Amino acid sequence: MESELTLMAVHAHPDDEVIGTGGVFARYAEEGVRTVLVTCTNGEQGDGPDGVKPGEPGHDPAEVSRFRLEELRESVAHLAIGHVELLGYPDSGMAGWDSNADARVFANVPLDESAGRLAELMERYRPQVVVTYDENGNYGHPDHIQAHRIAVAAAEATGIPRKLYHTAISRAGIAKMMDHLRSTGVDMGEFELPEDFGTPDEEITTVVDVSAYFERKLKALKAHASQGDTGFMLGMPDEVQRQVLGREDFVRRFSTVPAPDREDDLFAGLR
Ligand SMILES: [Zn+2]
């Protein structure tokens, strides 16, 4: 038998834990699995409390990081996450921002150092299942790309995770959401998603039903309401929120245990 079942998710910013993994955190915690959230940055380059954007007058990175970590504590409570590990690196900001040039930001810290710290956490918690983003960080944010890199490097260096996953956003699910929004007369304004946004459905190996945890995910999302992109999801009609937040999709990158090609459980083959 394996030792205590443990799920570790490696995320870039306070708030990233909710949409793609909030349901699996809540569900597996309820099933008695130990859950560990690693948040790599303090989120300094997020929106300020009154909506002030990074780079605008009045945006105080230290203050932003303080309240975003407060928000994280509340979110973690809603999702019953057992252990939170903050790597504490400064947020790199979106690709192209001035903050990218700062040597101290997460994306610029040598991989040996950051992946080494994550490897220590893997040694401590011994997660059988590790979840992070794909090699493009799912949408190109430098910190999400770096979170992917350190998770893969630490998994390889320690050999501890039995299964490694990327979070995925179903392309068919997005199309359904957009149709739904249009049909309910939501004004989409200029909003349009790139054609290649999301993961082609044939690549998705694992779909976890987390509809029972919808309310808790929504509360966790509301805890991060200061962030503009979170506000976008909170502004969606209830049915769309249920559709988007009620399932979590993943691409399995490797498994050292026999597991079905298509699974509905991250721990398939480990119980
Ligand atoms: Zn993020």
Side-chain angles (χ1 to χ4, degrees), residues 8-25 36-49 51-55 59 61 63-76 78-79 81 84-100 102 104-109 114-115 117-118 130-152 165-169 174 193-194 197-199 217 220-234 244-245 248-251:
M8 175 183 278
V10 182
H11 281 296
H13 307 106
D15 77 354
D16 290 323
E17 74 283 356
V18 182
I19 292 182
T21 58
V24 292
F25 270 132
V36 184
L37 166 65
V38 179
T39 299
C40 298
T41 79
N42 301 322
E44 291 89 339
Q45 299 298 329
D47 297 347
V52 59
K53 301 284 177 195
H59 185 276
E63 189 198 359
V64 172
S65 120
R66 261 196 310 279
F67 80 77
R68 290 194 73 185
L69 293 175
E70 260 324 300
E71 292 180 342
L72 180 65
R73 270 187 279 280
E74 195 189 330
S75 164
V76 158
H78 290 306
L79 301 174
I81 298 172
V84 180
E85 297 288 348
L86 304 174
L87 296 189
Y89 292 111
D91 190 334
S92 310
M94 304 275 266
W97 291 9
D98 289 349
S99 51
N100 296 173
D102 185 337
R104 295 163 304 170
V105 300
F106 179 46
N108 294 336
V109 171
S114 45
R117 290 183 59 203
L118 183 61
V130 171
V131 177
T132 187
Y133 316 107
D134 69 17
E135 40 280 276
N136 185 40
N138 290 70
Y139 74 109
H141 191 299
D143 288 328
H144 288 236
I145 294 172
Q146 194 69 358
H148 162 87
R149 288 188 184 137
I150 75 167
V152 170
Y165 291 92
H166 296 168
T167 54
I169 303 164
I174 293 165
L193 285 167
F197 189 84
T199 307
K217 275 183 87 172
L221 206 55
K222 283 180 179 161
H224 293 293
S226 68
Q227 299 308 297
D229 44 356
T230 302
F232 175 77
M233 178 59 79
L234 290 174
V244 175
L245 299 178
E248 291 174 4
D249 295 5
F250 303 89
V251 175

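Being a predicted model, the structure only gives us computed values, none of them experimental. First listed ligand is number 1; within each ligand, the first listed atom is number 1.
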CG-NE2 distance between N138 and H148, expressed to the nearest 0.5 angstrom | 10.0 Å
Is the distance from the Zn ion (ligand 1) to the nearest N/O/S atom of [X] under 2.8 Å?
X    : value
H144 : yes
H11  : no
D16  : yes

Among N, O or S atoms, H13 approaches the Zn ion (ligand 1) most closely through ND1
Counterpart residues, side chain to side chain donor-acceptor pair (under 3.5 Å), relative to E135 (two or more places apart) = R253
Determine the minimum heavy-atom distance between E44 and Y89, stating which atoms define it.
-> OE1-O, 4.1 Å
Ring center gap for H11 and H144 short of 6.0 angstrom |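 Not close enough - the centres of the two rings lie 6.0 Å or further apart.
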